Amino acid sequence: MDPQYNHEKFESNIYKEWEKSGAFAPTGNGKPFTIIMPPPNANDPLHIGHARFVAIEDVLVRYHRMKGEPTLWLPGSDHAGIETQFVFEKKLSKDGKSRFDYDRETLYKMIWDYVQDNTGVMESQLKKLGASCDWSRFKFTLDPEIVKVVYGIFKKLYDDGLIYRGERIVNYCPRCGTAYSQLEMDSVERDDNLYYLDYGTVTIATTRPETIFADVAVAVSPKSKKYANLVGKTAKIPLINRTVPVIADNLVDNEFGTGALKITPAHDATDFEIGQAHKLPLISVIDEKGRMTGTPEKYIGMKVLEAREEVVKNLEGAGLLVKTEKIHHTVSTCYRDHGLLEPTVSKQWFVKVDSLAKNSLKAIASKKVNFPADKYRKIAVNWLKNLKDWNISRQIVWGMRIPAWRCQKCMEWTITDGSTPEKCSSCKHTTLTQDEDRFDTWFSSGQWPFATLQTTKEGDFEKFYPTTVMNTGYDILPIWVVRMLMLGIYATGKVPFETVLLHGLVRDKDGLKISKSKGNVINPIEMTEKYGADALRMGLLWGGLVENDIALSEEKINGQRKFANKVWNVARFVTQNKSANLQMSKSINEDDKWILEELKKTTHEVTKSLDEYRLNEAAKEIYEFIWNKFADIYIEKVKLPYNKEQNKISVREGAGPVLYHILDSTLRLLHPFMPFVTEQIWKEMGNKDFLITSSWPAH
RNA sequence: GAUCGCUUGGCUCAGCUGGUUAGAGCGUCUCGUUUACAUCGAGAAGGUCGGGGGUUCGAAUCCCUCAGCGAUCACCA
């Protein structure tokens, strides 16, 4: 053994040997331990957040594998609809092109090829980190068999009356050309003008005067005394002199502006709601490109902001602009291109979430799903109680095309499980056109736990579902975990996972959020090359609970590299003093008894901490045992003074077998955390089998 | 406005269902080490556990309150 541990010399080779040995495939009988990996985007390299879940999940998987449980860690990759299309479009624009230069089929094919070109990077990086997942069961979210499952569930939801096509106000991005869900928006604070406009009988305040042409009412608060006698009368839209009714609604804030609100259901979410409640018509004056339409001639074709300027000018000219105030408020922006979103009414496919959410709440209440960190249980419950119907259609090309066909005669929809229908299910007409929309990525990934297991190997679903642990970042609890719960229970009648282990974000050494603009990005592959995968993994688990954000510094990773080297040298010392007979003598002394007792305690504590998902505690226990007890105390005590004649150091009579036994056990305990260095030492000790498939010490 | 958190030595964090002198890593200081490892060892300094109140034989831990900080969601006409 070299005096120093050199990770570069061993890591890739060890991984290949594990892979070749078939160690990653589940074996044995009994209750299985299953983790479905949250699939990283197929076209992106891994970031430090991925490395954290690898560290967490691999520790759990290796631990349970060593305990002899049939252990499956199923890897996969995600097509990440909007994300990927957005990245691809940025690439196109560098070449001076845009997606509008291609038809849908061509664009889809181009993105498919692009993803194929990049796929493999992510897999090789997972291997570098030591992920002991079963590659033979790898799935991509657009694999035909996965798509088939998703279509089947869509059809089932439709047949059960849980899918409807609704006209709703959606957050529409005129640049991306698609609507987004409740969860896919950002917001930004800014200063705007609040215009007070004369509506004849009443003055209203608005930030969007260009939408007055789409007004269908003026609403006031029912609590308002000032306006009480106006309700039921009319107001007059300036510039076009159309009269609209004055209504009362609780959603109106009597304190804001003049206390009177113009109602524009087609271009504002609150107004839409009020419009629905009062059965008001919808008038739209902005088209899908963000240009004015259906307004007086002069504004048609103008962009929204141009029209606003022009309308204000005209209002002022007509003496109908009462006053202008500054207002500081928050506006919704596209989470992709950060431009303004346009609330727009359009037809989208929706999932009725009510019954799905109720069943999920039941599963949580009855502990069929557990949250080791109670705070996340509370958050999940809160979300499930407040979910709104889920818009699952996206106007993009990258993703699963929705299996819905519209009859060109009766205009009714025919839903299938993916196959092209021969005729309309309503009127039997044979000319049908498939909807161009794609599913929201989360609609398909919400089915990931069962869709994967149902399509891997015969019997997998029956054996490994419900899965044991779902581990992912807390940031996607509402968007993903909650939906997997709803769809999993709906599709299979069982929860998709028994334990939801959410992890925190990786932050920089000062606890600041990592971002490209801050320049504090930590590249996991760079860290692995520099310090070793073991050190990075340990650094990601060290000093913080799984559920909390952690501050990661290079010093911390380097500290763990030192630990790997310490373990290496402990092993070097032990193997150099290996006695011929490894049988422990019955007459061991006090020191021997002490270290054996400490090992026993450590084994117990590590096991307990792992079972409770307190990986940081487990890591600390084994670290302290090896360094502070085994190396600093026990080895120092059994070491005999340097022997000049033999030119070597030796150990006290009878200590050899104890040293060997302790090393053997500590390697087993440390292996889930630092798989590479422990496996290499295991080999150096002369073991013929692999440490990865050896057994967990008795505890 | 709603929900969920956080506040422990210079820094980053543990401290599980309340129970001996509150711990770790890094950092700092002193000393040592040709002989497993300088990717080392021995030792030291450093904390009124955010403030206040309460429950208890006993509180970093439970309850109330105040202050500061953060995350997510909603609203913002």
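For clarity, every value in this text was computed on a predicted model and none was experimentally measured. Letters A, B, ... mirror the listed sequences (proteins, then strands); counts begin at 1.
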- Note on the structure: Rounded to whole Å, the CE-P distance (A:M538 to B:rG25) equals 12 Å

- A:K375 has a side chain; which of B:rC4, B:rA36, B:rA24 sits nearest to it? B:rC4

- Task: Specify whether A:W627 and A:F563 have parallel, tilted or perpendicular ring planes, treating 30° as the upper limit for parallel and 60° as the lower limit for perpendicular.
- Result: parallel

- Ranking A:I635 and A:G544 by the position along RNA chain B of their nearest nucleotide, the one closer to 5' is A:G544

- Message: Would you measure the distance from the C1' atom in B:rU48 across to the matching atom in B:rU12 and give it in whole Å?
- Response: 23 Å

- Could you tell me whether A:D592 and A:R652 have a side-chain N and a carboxylate O separated by less than 4.0 Å? yes

- Could you tell me whether A:E309 atom CD has more than 12 heavy atoms of other residues or ligands within 6.0 Å of it? no

- Item | Short side-chain N/O contact to B:rG41 OP1/OP2 from A:W627, under 4.0 Å | yes

- Is any side-chain N of the basic residue among A:D534 and A:R537 closer than 4.0 Å to the acidic one's carboxylate O? no

- Could you work out which one of B:rA71, B:rA36, B:rA24 sits closest to the side chain of A:E624? B:rA24

- Message: Side chain of A:K513, heavy atoms from C-beta onward: which of B:rC37, B:rA77, B:rU72 has the nearest atom to it?
- Response: B:rU72

- Item | Rounded interatomic separation in angstrom, taking NZ from A:K620 and P from B:rC16 | 12 Å

- Message: Once you apply a heavy-atom cut-off of 4.0 Å, does A:A571 come out as touching a base, just sugar-phosphate, or nothing?
- Response: nothing

- Task: Flag the pair A:E342 and A:R208 as a salt bridge only when some basic side-chain nitrogen lies within less than 4.0 angstrom of an acidic carboxylate oxygen.
- Result: yes

- Can you check the A:R377 CZ to B:rC4 P distance for me, whole Å? 10 Å

- Between atom NZ in A:K385 and atom C1' in B:rA2, what is the gap in whole Å? 13 Å

- Message: Please pick, from B:rA77, B:rA36, B:rC37, the nucleotide with the shortest atom-to-atom distance to any side-chain atom of A:N565.
- Response: B:rC37

- Task: Please tell me which of A:I327 and A:N569 maps to the more 5' nucleotide of RNA chain B, matching each residue to the nucleotide holding its nearest heavy atom.
- Result: A:N569

- Message: When the P atoms of B:rG15 and B:rG32 are compared, how many Å lie between them, rounded to an integer?
- Response: 39 Å

- Tell me which nucleotide among B:rG5, B:rC40, B:rG25 gets nearest to the side chain of A:Y623. B:rG25

- In whole Å, what separates the C1' atom of B:rC62 from that of B:rU21? 24 Å

- Message: Going by purine N1 to pyrimidine N3 plus the second Watson-Crick contact, or the G-U wobble pair, all under 3.5 Å, which nucleotide sits opposite B:rC76?
- Response: none

- Item | Separation between the P atoms of B:rA59 and B:rU20, rounded to whole Å | 11 Å

- Item | Salt-bridge present (A:D215, A:K262; N to O < 4.0 Å) | yes

- Query: Considering only the P atoms, how many Å lie between B:rA36 and B:rA24, rounded to the nearest integer?
  - Reply: 27 Å

- Take the protein atom CG of A:L502 and the nucleotide atom C1' of B:rG5, then report the distance between them rounded to whole Å. 14 Å

- Item | Pairwise C1' distance for B:rA60 and B:rC16, with rounding to whole Å | 14 Å

- d(CZ, A:R208; C1', B:rC76) in whole Å: 14 Å

- Task: Report yes if a side-chain nitrogen or oxygen of A:R572 is closer than 4.0 Å to either non-bridging phosphate oxygen (OP1 or OP2) of B:rC37; otherwise report no.
- Result: yes

- Nearest to the side chain of A:K378 - B:rG41, B:rC4, B:rU72? B:rC4

- Item | Same-atom distance (P) from B:rG70 to B:rG27, integer angstrom | 30 Å

- If you check the A:T207 side chain, which of B:rA77, B:rU12, B:rU3 turns out closest? B:rA77

- B:rC76 P sits how many Å from A:R190 CZ, rounded? 15 Å

- Item | Ring geometry between A:Y474 and A:Y376 (parallel below 30°, tilted from 30 to 60°, perpendicular above 60°) | parallel

- Candidate nucleotides B:rC16, B:rC76, B:rG41, ranked by approach to the side chain of A:T270 - the nearest: B:rC76

- Query: Is there a donor on the side chain of A:E621 or the base of B:rA24 sitting less than 3.5 Å from an acceptor on the other?
  - Reply: no

- Task: For B:rA44 versus B:rG9, give the span between their C1' atoms, rounded off to a whole number of Å.
- Result: 14 Å

- Query: Under 4.0 angstrom, heavy atoms only, what part of the nucleic acid is A:I379 near: base, sugar-phosphate, or nothing?
  - Reply: sugar-phosphate

- Between A:D632 (CG) and B:rA36 (P), how many Å, whole number? 14 Å

- Message: Side chain of A:T330, heavy atoms from C-beta onward: which of B:rA36, B:rC76, B:rA77 has the nearest atom to it?
- Response: B:rC76

- Message: Nearest to the side chain of A:K566, heavy atoms from C-beta on, is which of B:rA36, B:rU3, B:rC16?
- Response: B:rA36

